[in-house]
Every structure is written in structure tokens, then in C-alpha cells.
2 protein chains.
Amino acid sequence: MSNKNEQQKRAPRETTAARQASILAGALRCFDELGIDGTTISDIQKETKCSVGSLYHHFGNKEGIAEELFIEGIQQFNTGMIRKLKRSTTAEERVKSVVRFYCDWTARNRALARYLHSRNIEFSEEARARLRQIHELYINQVFQLFTDHVLSGEMRALPLDTYVPLISGPVQEFTRRWLSGQSGSGSSISREMKELFADAAWKVVKT
Amino acid sequence: MSNKNEQQKRAPRETTAARQASILAGALRCFDELGIDGTTISDIQKETKCSVGSLYHHFGNKEGIAEELFIEGIQQFNTGMIRKLKRSTTAEERVKSVVRFYCDWTARNRALARYLHSRNIEFSEEARARLRQIHELYINQVFQLFTDHVLSGEMRALPLDTYVPLISGPVQEFTRRWLSGQSGSGSSISREMKELFADAAWKVVKT
DNA sequence: GCTTTTACTAGAATATTATTCTAGTTAAGA
DNA sequence: TCTTAACTAGAATAATATTCTAGTAAAAGC
């Protein structure tokens, strides 16, 4: 096995992670203000004080920026959700926590939430593979928290691919509409609304 | 009031509506195969045997094509839904009809459904105004069918902006995932699934 | 500490794509 | 029948994304 073309890998510099994060933050500001299709590489450059060369060095192309931002957002959401769910113990509290966290996170991260809502598919095969893996991992963690409640009979046993739509579907659609009505950072979602959707979710999956 | 710059308006030719429809159909095929961001004007030209001049004459720009396709799709969906809902009479049947129609329409119009799911905001102010008006009209028609059931106590009285998320949110999220798993035109959504979501919707809004 | 190498920055050059412009054809409507 | 606006066509241009070349600077090995 000839080992030509060998090129030592080297760790990225200390400052790199922070720089990439700041580029993603700038890109998000652009997406939020100018729309995703509306923002150009040049817009992102101005917003982040970054050269084209650097942008392409870090992310490959424009789509790479969008993908990375999406993945980071999903991971931030997932991590928060898992942490939140682990704090409650009963089936009812856990189901309701899903809904409440969804509302709170959305209100606290509007631009990012808007971005996650607006983009879907359309990513490169590589990015979709990463997303699939992240999603699988997340779903496993969440389901692990709920299986006991299903086995004990507190929650209905349903096809696995229906729990997420049944529990999160309504809040998701509600927040989507809420976000597109809002532009700035006005009020948050009222307690009554949160509880309405939390109750509805529980009503559907409880036995 | 000086009336310069006057230019007689004239009705479009008979063939125009059909031509525009065929362009939209071709654009949809492109969007479905190449992705929305992935399709170029040149792709649409090849698919529709249309010159750039004609494309821009009919739709103004690329975004105009996307907007028109979106609006046509929404209207087709809304018309079908209203027609379907008028065929049932009881509160339960009507609520369940919403869910069933959602599934059936999605399975029958996959490419269009995928497109409607993937795009959101990002449209011109003019297109958003048109969409708002269409949506308002639709919501009024739907609510007119349901108010009696609320007044008679068969259905819960809830904030107006929660009915759509509560009833359609779950199927919507389910079909969105279903569509992104599917690419061609395989099987349809099983009767059991449809009924599961129909029952869930009814359970949430019934008194 | 010195050297080498690779991560990183920068922006000019190029390629790709969207849009506009100019010149016709064709059919509505007077 | 004539005029004119709707429509078609594609070349010319503008906007934008991406690549290329030339550096600078900090890891990692000596």
C-alpha cells in the first residue's frame, strides 16, 4: 500500500472554534434580517469582518455555513431538552416538560428557532447523514426516558414514529406561526398557552 | 390629474393560462428533483422549453415562479379541504375529516406537498399579503363550519389561534417526516395511522 | 531556539447564475 | 384592416458564488 500524498493533520488553532462560532452567529443575523436566500457571501463578510478565503477555508461553501448553523442549533436544542427532561420524574411532568421547553427555548432563541423552522431538507448528503445520526441519538435518549412510563401503563403504547408528532406537533406549529408574526424580541409565549398545549399533549398520550 | 403614460391594458391570450400552468408544473418537477436552491433558471428552461424572456415576462423573476407555485398549491389544498368538510355534518366527523384530508391530499400530491412544507416565509411583501388574504378567507370559511359546534358545546371553546395547531399540527409533522423519508410515489399513509391522528385530534378538541 | 509544515487570512481572478435589454412575432380589440 | 400590447427569443449585462495564488502565523518536531 503506497502511502503517497501523505499530509500531516494538525490540530486547529485555539482561536479557531471561537472564530467559527462568531461567523455562524453573524450568518444567523444575516439570515434573520435579509432572509436565507437573500443573504450573500458578501453580506456575511461584512457582518463578520471575514475574507472570502477564510469563509471558504472554514466552511467549504455557502451551504456549508447554513448546514453547520443548522446542526449547531439542533444540538443546542436537543441538549437543553434532554437536560430539562431529566429533571422531572413522572410521565405527566415529562410529557408536559417537552411542550414547555419547546416554548421557552423558542422564545429565548428566536432567530435560531426561526432558522430551524424555515430550513429543512435541501442539505448535502453528508450533512443529512450527520443530522440523521444526531436525531437518532437524541430520540434514543428521549425514548429511554419514556419507555418505563409506557411499560408501566401510564402512557399509551403507540407506533414509535407517532410520539413526536403527537406531543410536539401542535406547539411546533403554534410557535412557527408565532415566530412569523413576531419580528423583534417582544413578549414571550403566555403561561396559559404553554399549559394549553402541555395539557393537550398529555391528554393524547396518557392512558 | 394629468393622465400621461397611459397604456391600454389588454386581456392575456387564451393559451397563456395553460402555458403558465405548464411552467409551474415544470418548475415543481425541478424543485422536487434538484431541490429549490439547486434549480436554476436554465434548469426550468430546459424542463419547460421556454425562453428566459418568456419566463421573466410571465413571472417577473425566479422568486415569482416560486411564489406563484406556492400560492396555487395552497389554494388547491384549501379548496379541496373546504369541499371535503362540507360533506360531513357532525363535529366529530368534521374534525376527523380535516386530518384525513390532510393525509389523502399529501399522498396524492407529494411533490407539491413537499414543496409547501419546505418553503415558508422568505417571500416578497406582495406575495405575503396575497397569502395572508387567502389564509384569512380560508380560516373564515373553516371556522364558520365549526362555530356552531363550539356554541352547541360539542367542541371546546379555545383561543382561535390554537385550533389549527391542535388539530392539524400532529398530522402535519407526521406527513412532513413521511414525505422526507419517501422520494418516489410508494405506498400511501395507512388507514390505521390516519385514524390514530384523527382520533387524537378529536380527543383534544371535544368537550 | 530554529525549522518545517499546515492552518489560516486575504483578495484578485474566474465561473456560474440571475436579470435586463433589444428585436422581433402574434393576436386582441378598435 | 390597423394598431398595439402580449408574448417569444436569446444576446448582453449584472450579480453572485467559488477557486486560485500568495502570503502570514502558530503547531509540532528537532
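Order of the sequence lines fixes the chain letters, A, B, ..., with proteins taken first and strands second; residue numbering starts at 1 for each chain.
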Apply salt bridge (charged side-chain N to carboxylate O under 4.0 Å, His left out) to [X] and list each qualifying residue two or more places apart in sequence or on a separate chain.
| X | result |
| --- | --- |
| A:E67 | none |
| A:D37 | B:R119 |
| B:E195 | B:R100 |
| B:R132 | B:E125 |

Please tell me whether A:Y163 and A:F146 form a close aromatic pair, meaning their ring centres lie under 6.0 Å apart. no

Let me confirm one number: the CZ-CG distance from B:R156 to B:L166, rounded to the nearest 0.5 Å. 7.5 Å

Five pairs per end, C1' atoms only: what is the angle between the end axes of the helix from C:dG1-D:dC30 to C:dA30-D:dT1, to 10 degrees? 30°

Under the side-chain contact (heavy atoms from CB on, under 4.5 Å) test, which residues partner A:S88, sequence neighbours left out? A:E93, A:R94, A:S97

Suppose we screen for side-chain contact (heavy atoms from CB on, under 4.5 Å). Which residues come up paired with B:I139, at least two apart in sequence or across chains? B:H135, B:F143, B:V164

Which pairs would a plain distance check flag for residues 74-85 of chain A, meaning a side-chain donor or acceptor within less than 3.5 Å of a matching protein atom at least two apart in sequence or in another chain?
| unit_1 | atom_1 | unit_2 | atom_2 | d |
| --- | --- | --- | --- | --- |
| A:Q76 | NE2 | A:N109 | OD1 | 3.4 |
| A:T79 | OG1 | A:Q75 | O | 2.7 |

If you compare all heavy atoms of A:A111 against all heavy atoms of A:L28, which two are closest, and at what distance to 0.1 Å? O-CD1, 3.7 Å

In numerical order, the residues of residues 18-27 of chain A whose heavy atoms come under 4.0 Å of DNA chain D are none

Positions of residues 44-51 of chain A (non-hydrogen atom under 4.0 Å from DNA chain D), listed by number: none

Counting only side-chain N and O atoms of A:H58, is one of them less than 4.0 Å from OP1 or OP2 of C:dA7? no

Under the ring-ring contact (aromatic ring centres under 6.0 Å, His included) rule, what pairs show up with a residue in residues 10-66 of chain A, not counting sequence neighbours? A:F31-A:Y115

Readout for nucleotides 17-30 of chain D: B = base within 4.0 Å of protein heavy atom, S = sugar-phosphate only, - = neither; 5' to 3' it is SBB-----BBBS--

Euclidean distance, atom NE2 of residue B:H57 to atom C1' of D:dT8 [Å, nearest integer]: 9 Å

Should we say atom CZ of A:R130 is surrounded by more than 12 heavy atoms from elsewhere, each under 6.0 Å from it? no

